[in-house]
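Chain letters run A, B, ... following the sequence lines, proteins first, then strands; residues in each count from 1.
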Amino acid sequence: MRALPLLLALTAGCTYEEGMTIADLTGTVVLPEEAVTRTFQKQDGTEETLTDPRLIGPVYLGLFSGVQDGLKSYTHPLMGPMFQPGVPGDTYPYAGTTVGDLPFPCFESLVCKVSSGRYTDFDNMVDWFTDVIETPIVDAYGDEVDTGDYVRQTCYDLMHYTTDEEVRLTATTDRNEDGVIDLKDLDFVQGNDGKFYADFTIWQTQYVDGFTLWGWMDAPSEVSHMFSTCDPSQGYQESTYSSDFAGGMQYPDLLNSPSLYISSGDWVVSSGGTHTYSSPDDHPEIHLDFLVTE
Amino acid sequence: MRAVQLSAVVLGLGLLASCDYSGDWLFAGAVEGVPGVVHLGDLTPVQINTFSDIAEAVVYGEVGPTGTAEVGGVTFTFQGNGGSVCLWVDPEIATWNTAVAETAPLRRWTWPDNVFDDGDLDISAGLAVYYTGSPGEKIGSFEVRYTDALGETVPIELNECSMIGFRGQDGAHAGRGTPEYCTLSATLPGVSYMVLLENWSPPLDDSRLGYGVLLAEGDCNVLKATAGVHEECLIQGEAIDPSAPDAPGPWTGLSSVPVLPGAAAFEAAYCDAGVKMRDWCEEEDLTNACALPLCEDSAEGVDCRTVKCFCGDPTDMPNGGSF
């Protein structure tokens with residue numbers, strides 16, 4: 001029987017430490033007030049300047065081997081080799097996440113114009129498109145949508161949903177537990193210093209010591225109000241009666257080739273705003289502090 | 001040391017030793033005279049104007065197993081011409097059964113596929129500079145490794161032969177001996193490209209995989225439209241007679257390749273939309289007694305046939321609806 005320990009030892013030799021650290025990386029994204037402020041030329045000839053979280057597009061965060069100034073007009077992740085003229089090298093990101101994404105917007109006129117986590121309720125959404133940007137939501141019959149309930153009902157009908165949580169277009173959780181769902185329950189909440197703060201989590205990431213957190217906010221177009229990171233030809237396809245459209249979805253290589261999608265008006269993390277990890281327990285505050293102007 | 005202890009130690013050592021084996025015995029053995037890695041040299045894209053231009057432009061050959069666990073296959077190079085180049089390979093006489101036949105397709109199989117004619121080559125291609133193999137010596141790939149700023153290695157696939165799969169996914173290969181093709185768009189003039197035909201599955205009977213490969217100028221979709229035939233019929237004559245004195249080739253042109261007796265008639269019937277293959281196969285069975293083993297495979301004293309059947313063994317049919 002003395003041979004048994006030997007056999008067990010041999011068997012135990014088959015187990016080994018993989019050396020991988022899998023962690024949920026958490027932190028905070030900070031947007032300056034200017035990134036959430038825009039001046040609108042109203043149809044009646046007046047101007048209106050608003051600071052409003054509904055101006056915040058999807059925020060994309062990625063973990064890269066490093067960043068560098070001078071590659072583009074803004075700080076950009078390091079890239080691998082270029083294999084074709086005019087096609088930027090791949091950044092080969094390690095992982096990433098978003099703060100706000102592109103849920104199915106229920107109306108063709110809203111495709112690629114709505115980010116999750118930006119609207120307190122459906123009326124808040126209707127007001128934004130009708131009163132602020134003056135491009136009202138239009139339904140499948142070409143009629144203007146003027147109530148939030150109609151938006152909700154359309155989503156329920158098309159998606160066979162029964163709750164706002166499933167629709168994911170509006171805030172549904174009382175995050176600060178103050179008894180009401182309001183601006184303080186959106187992804188980004190304005191602080192006393194005027195900046196907007198949002199928590200993020202990059203789930204189940206294989207930690208690599210020294211990788212750098214970088215990202216950008218895709219601001220809505222001033223003309224079309226669409227997000228340039230959204231492909232309107234893809235996503236959930238709605239084909240019911242007079243509705244026949246794709247709901248839009250993010251391009252699959254946003255973190256691999258960010259320069260293809262970053263455009264004027266977007267806000268990017270500058271080299272001083274990135275974070276290089278020294279521990280999976282780091283809780284960085286990353287600042288999207290650079291306005292892209294070209 | 002008592003016997004039980006000794007046995008335990010021997011068992012332990014045996015377990016450890018069992019981790020060290022090549023697995024070569026799981027793969028087909030080498031075939032004498034038929035190399036497992038073949039390099040055809042530098043080919044030139046051919047201009048195809050009509051279907052009749054194709055037959056004499058096809059390069060034929062045979063490739064065998066490497067005899068080890070290492071993958072084998074066929075390679076050749078060509079020089080980019082500034083335009084599109086179509087790569088087309090057909091590794092099997094006809095991949096078919098009545099479930100997928102061009103004519104009279106059935107939901108249920110009626111005739112089995114001929115597994116003894118079932119070789120499969122997978123095509124990939126790219127700039128020769130990125131190819132990691134040694135032509136004629138060892139098969140490689142178009143995967144290069146990039147080391148990022150943190151020292152992490154990233155594999156990069158530089159195969160430019162993009163095939164779209166049944167569900168629309170990129171990077172697919174055709175299955176079960178089906179012809180494969182792809183277009184390399186805007187090739188760089190004067191730059192060398194490598195084409196790899198990986199031996200995915202040698203035939204079960206003799207492990208000699210016959211193939212026909214076409215390198216044509218222009219887009220493959222244009223070539224298909226020009227040919228105006230079923231994909232399986234664009235290249236014909238790839239059922240090569242292994243007993244031919246100059247086997248395993250290569251040969252250029254249908255008129256020079258030694259085609260297996262009877263294969264041309266089978267392929268002609270398959271490619272003739274007016275022929276019902278069920279009828280053809282029933283006739284073949286009646287004429288050649290296809291349920292009997294081929295004489296070269298049969299045991300002594302067992303009845304056998306002398307003519308190869310191309311429709312498969314009619315007694316080896318799956319039940320209706322099964323796969």
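Using non-hydrogen atoms only and a strict 4.5 Å limit, the part of residues 135-152 of chain B facing chain A consists of B:Tyr146, B:Asp148, B:Ala149, B:Leu150, B:Glu152. Residues of residues 77-85 of chain B never come closer than 4.5 Å to chain A when only heavy atoms are counted.
Only the backbone of A:Asp209 comes within less than 4.5 Å of a heavy atom of chain B; no side-chain atom from C-beta onward does. Neither the backbone nor the side chain of B:Leu188 has a heavy atom closer than 4.5 Å to any heavy atom of chain A. Only the side chain of A:Tyr94 comes within less than 4.5 Å of a heavy atom in chain B; its backbone stays farther off.
Atom CE of A:Met249 sits in a sparse spot, with 12 or fewer heavy atoms from other residues, nucleotides or ligands closer than 6.0 Å.
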### Query
Stepwise, does the side chain to side chain contact (heavy atoms under 4.5 Å, CB included) test hold for B:Ile156 with A:Phe83?
CA-CA 11 Å; B:Ile156 305 174; A:Phe83 295 103; 4.0 Å; yes

